[in-house]
**Q** 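For reference, the structure I am asking about is given below.
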Amino acid sequence: MERNGRDDIEVENGYDLEDDHVNLYDDVKLVEFRTNGFLTIGGFGNYLFGMSETVAKQSTEYRDAFKNPSLSWMIGFLFVVSFLGLFSVVPLRKVMIVDFKLTYPSGTATGHLINSFHTPTGAKLAKKQVRVLGKFFSFSFLWGFFQWFYAAGDGCGFAQFPSLGLKAYENKFFFDFSATYVGVGMICPYIINISVLLGGILSWGLMWPLIDTKKGDWYPADLKPDSLNGLQGYKVFIATALILGDGLYNFFKVLSRTLVALFSQLRGRNAIGALLIADRSSLEISSISYDEQRRNQFFLKDQIPTWFAVAGYVAIAAISTATVPRIFPELKWYYILVIYIFAPALAFSNAYGCGLTDWSLAYSYGTLAIFAIGAWAGASHGGVLAGLAACGVMMNIVSTASDLSQDFKTGYLTLSSPRSMFVSQLIGTAMGCVISPCVFWLFFKAFKDLGTPGSQYPAPYATVFRNMAILGVEGFSSLPKNCLYLCYGFFGAAILINLIKDALGKKWARFIPNPMAMAIPFYVGSYFAIDACVGSLILFIWEKIDKAKADAFGPVVASGLICGDGIWTLPSSMLALAGIKPPICMKFLSRGTNTKVDAFLGS
């Protein structure tokens with residue numbers, strides 16, 4: 001019996017692919033991953049929060065078109081839209097995993113990682129990793145606690161440290177001592193962190209100071225700093241143009257590859273159809289390894305009936321079509337019905353493309369929904385809120401479809417029951433529909449400046465998504481002077497950069513910056529890019545000293561830094577809700593300002 005490649009390693013390392021511990025671990029992982037996934041697709045940092053009054057007041061258009069977050073409607077909305085993607089992709093799981101043999105790189109990596117935990121060597125390494133994780137988790141948590149004592153007011157604390165000088169600080173260039181961003185920098189590829197830094201230098205170092213000199217010419221000089229008719233508008237809309245250019249390019253690239261690969265595989269299946277009928281057993285023996293035959297057998301033995309998936313999709317779609325318009329009256333039932341008619345095809349396209357490239361284009365599909373439904377509804381019928389709500393519906397469907405397909409691939413490699421995995425996804429989805437809104441609600445109540453530019457949590461994508469909805473409804477008439485031409489330029493630049501990257505090949509493409517990463521600091525500034533680059537520098541030096549240890553423990557150290565700092569926000573939120581404020585305000589002043597303060601106090 002033939003065994004090759006990764007299968008040799010798995011058998012030689014001595015773990016049993018049918019071990020119940022492997023299957024249980026995989027099911028628990030699915031519940032946890034699915035729950036955490038709602039922090040992204042739940043829209044708390046983009047489309048959902050983009051509906052809020054806080055974000056709406058930052059614009060001069062449609063300031064009255066808002067719907068403030070409420071725990072009840074957020075949970076209800078997620079419950080009626082989040083399960084559809086799971087049912088839409090179930091009938092095609094065999095086609096994508098067994099027939100087309102799509103790789104799903106993240107799912108494959110997770111499967112091999114889970115399997116490695118059940119080898120003697122893997123178990124020993126895992127114990128060391130847990131100890132390192134605990135150390136850096138504790139350090140990050142205590143560092144967050146220490147910083148809290150010095151942040152008694154606005155502009156106070158280590159997060160406002162002008163480490164590169166006061167002038168650089170005014171233009172958002174400073175190191176803010178965030179363990180989270182340092183950890184993110186250790187996880188993200190080097191080119192992503194460099195791209196973010198380049199975007200910050202281009203925008204806050206060059207463009208915004210130059211456009212600011214046009215005050216009174218390109219836009220009125222007496223506008224508020226957060227007005228989208230002024231400098232803020234250039235920041236938001238140019239960033240949006242970069243994101244759209246990058247997103248649409250990759251959307252059509254993945255879609256074209258998906259269609260070409262699908263057509264080729266279907267032709268290949270038809271071409272060998274006669275061979276399969278004439279000599280099926282000999283062909284399988286010669287081309288399929290023993291381990292692959294076992295995986296196919298286990299993957300197909302617990303079938304989820306197609307009629308059950310179709311009936312579940314239709315039933316949930318009917319409930320959702322009737323319920324969502326009660327939450328968002330602007331989103332009419334026939335808008336939702338049209339989305340649900342096209343959603344299975346888009347969900348399959350996203351899942352298939354994710355299997356080829358490991359990229360989920362949920363944001364791109366959501367953007368298309370914003371423009372399509374927003375333009376259909378129009379300004380007079382609540383097109384802004386309708387577009388944002390439609391984005392949420394679409395993103396939940398296509399994202400859950402690709403996530404489930406990744407997890408099916410993981411289960412295929414670990415010999416987990418597809419039926420139990422599907423149930424785990426349902427449980428994780430239900431938990432995410434409750435837990436994620438509760439966590440967001442805690443932040444929303446604890447931090448009154450949430451979503452405000454310049455605050456600790458500016459929520460830049462909420463503003464970007466809302467302005468996409470405004471563009472879909474109103475067109476380009478809302479843009480400041482010359483902003484449209486700049487948007488055209490950066491939209492085209494994003495496409496050109498991607499074309500160059502694809503033309504150069506893998507060897508040189510890794511040195512080409514990522515347009516979407518460059519767009520992020522256009523709005524929020526470069527402070528987190530500097531933190532991330534510090535994380536990249538730490539990892540780079542570590543790899544030069546001991547690459548094996550860096551590969552084994554780098555992601556663990558980064559996870560500890562991120563998790564510790566993230567967990568600290570919970571007690572920090574509790575203290576804020578209880579009205580307990582830090583005792584010290586640590587601020588940094590220029591020499592001239594300090595002299596004036598001393599003179600004032602002396603008088």
Side-chain angles (χ1 to χ4, degrees), residues 50 53-66 154-155 160 162 164-174 198-245 379 384 449 451-455 458-494 518-527 529 589-593 596:
E53 184 178 9
T54 302
V55 178
K57 296 303 182 185
Q58 296 174 27
S59 173
T60 55
E61 299 86 9
Y62 309 102
R63 295 169 65 94
D64 296 328
F66 63 84
D154 294 336
Q160 309 297 328
L164 301 178
L166 289 170
K167 190 64 179 178
Y169 175 80
E170 291 176 7
N171 288 291
K172 306 291 184 181
F173 286 96
F174 59 95
L198 287 175
I201 294 172
L202 176 64
S203 56
W204 290 87
L206 296 173
M207 289 180 58
W208 306 156
L210 289 174
I211 294 177
D212 190 53
T213 62
K214 301 294 184 180
K215 185 187 300 182
D217 180 14
W218 286 13
Y219 59 93
D222 57 349
L223 291 175
K224 294 181 179 179
D226 59 354
S227 173
L228 289 176
N229 290 324
L231 182 58
Q232 187 77 353
Y234 294 93
K235 297 176 183 178
V236 170
F237 288 115
I238 293 175
T240 302
L242 259 180
I243 292 169
L244 280 177
V384 174
D449 59 352
T452 304
S455 66
Y461 274 101
T463 304
V464 168
F465 271 65
R466 184 176 182 88
N467 284 283
M468 287 183 190
I470 292 175
L471 281 177
V473 169
E474 195 172 271
F476 299 117
S477 61
S478 60
L479 299 180
K481 184 180 178 181
N482 295 320
C483 184
L484 179 59
Y485 300 112
L486 290 171
C487 289
Y488 283 150
F490 278 89
F491 182 89
M518 291 179 66
I520 298 173
F522 273 54
Y523 178 64
V524 297
S526 301
Y527 59 91
L589 306 174
S590 67
R591 184 172 58 230
T593 304
K596 293 178 182 178

**Q** Apply the test side-chain contact (heavy atoms from CB on, under 4.5 Å) to residues Phe237 and Ile470: give CA-CA distance (whole Å), side-chain angles for both, the deciding distance (0.1 Å), then the verdict.
**A** CA-CA 11 Å; Phe237 288 115; Ile470 292 175; 5.6 Å; no
**Q** So which atom in Gly50 and which in Arg466 form the shortest heavy-atom distance, rounded to 0.1 Å?
**A** O-NH1, 3.0 Å
**Q** Tell me the closest heavy-atom pair linking Ala56 and Ala65, and the distance in Å.
**A** CB-O, 4.3 Å
**Q** According to side chain to side chain donor-acceptor pair (under 3.5 Å), who are the partners of Glu53, at least two apart in sequence or on a separate chain?
**A** Asn68
**Q** After noting the C-alpha distance and the side-chain angles of Tyr219 and Asp212, does the key distance pass the side-chain contact (heavy atoms from CB on, under 4.5 Å) rule?
**A** CA-CA 9 Å; Tyr219 59 93; Asp212 190 53; 3.5 Å; yes
**Q** For Lys214, give me all partners under salt bridge (charged side-chain N to carboxylate O under 4.0 Å, His left out), at least two apart in sequence or on another chain.
**A** none
**Q** So, Tyr488 side chain and Ala241 main chain: donor-acceptor pair closer than 3.5 Å or not?
**A** no
**Q** Sequence neighbours left out, what passes side chain to side chain contact (heavy atoms under 4.5 Å, CB included) with Tyr169? Give chain and number order.
**A** Gln160, Pro162, Phe174
**Q** Please report the C-alpha distance between Thr54 and Phe66 in whole Å, then the side-chain angles of each, then the deciding distance to 0.1 Å, and finally whether the side-chain contact (heavy atoms from CB on, under 4.5 Å) criterion is met.
**A** CA-CA 9 Å; Thr54 302; Phe66 63 84; over 6 Å; no
**Q** Could you go through Leu231 and Lys215, starting from their C-alpha distance and side-chain angles, then the distance that decides it, and tell me whether this counts as side-chain contact (heavy atoms from CB on, under 4.5 Å)?
**A** CA-CA 8 Å; Leu231 182 58; Lys215 185 187 300 182; over 6 Å; no
**Q** Could you work out, with ring pair (Phe, Tyr, Trp, His ring centres under 6.0 Å) as the rule, every residue matching Phe490, not counting sequence neighbours?
**A** Phe522
**Q** Which heavy atom in Cys487 sits nearest to a heavy atom in Ile238, and how many Å separate them?
**A** SG-N, 4.0 Å
**Q** Minimum heavy-atom separation for Gly205 to Pro209, with atom names?
**A** O-CG, 4.0 Å
**Q** Is the backbone of Pro521 close enough, under 3.5 Å, to the side chain of Trp204 for a donor and an acceptor to pair up by distance?
**A** yes
**Q** If you measure from CG on Leu164 to NZ on Lys172, what distance do you get to the nearest 0.5 Å?
**A** 14.0 Å
**Q** Val384 and Ala469: which non-hydrogen atoms are nearest, and at how many Å?
**A** O-CB, 3.8 Å
**Q** Under the side chain to side chain contact (heavy atoms under 4.5 Å, CB included) rule, collect the residues that match up with Leu198, sequence neighbours excluded.
**A** Ile194, Pro513
**Q** Partners of Pro220 by side chain to side chain contact (heavy atoms under 4.5 Å, CB included), sequence neighbours excluded?
**A** Asp222, Leu223
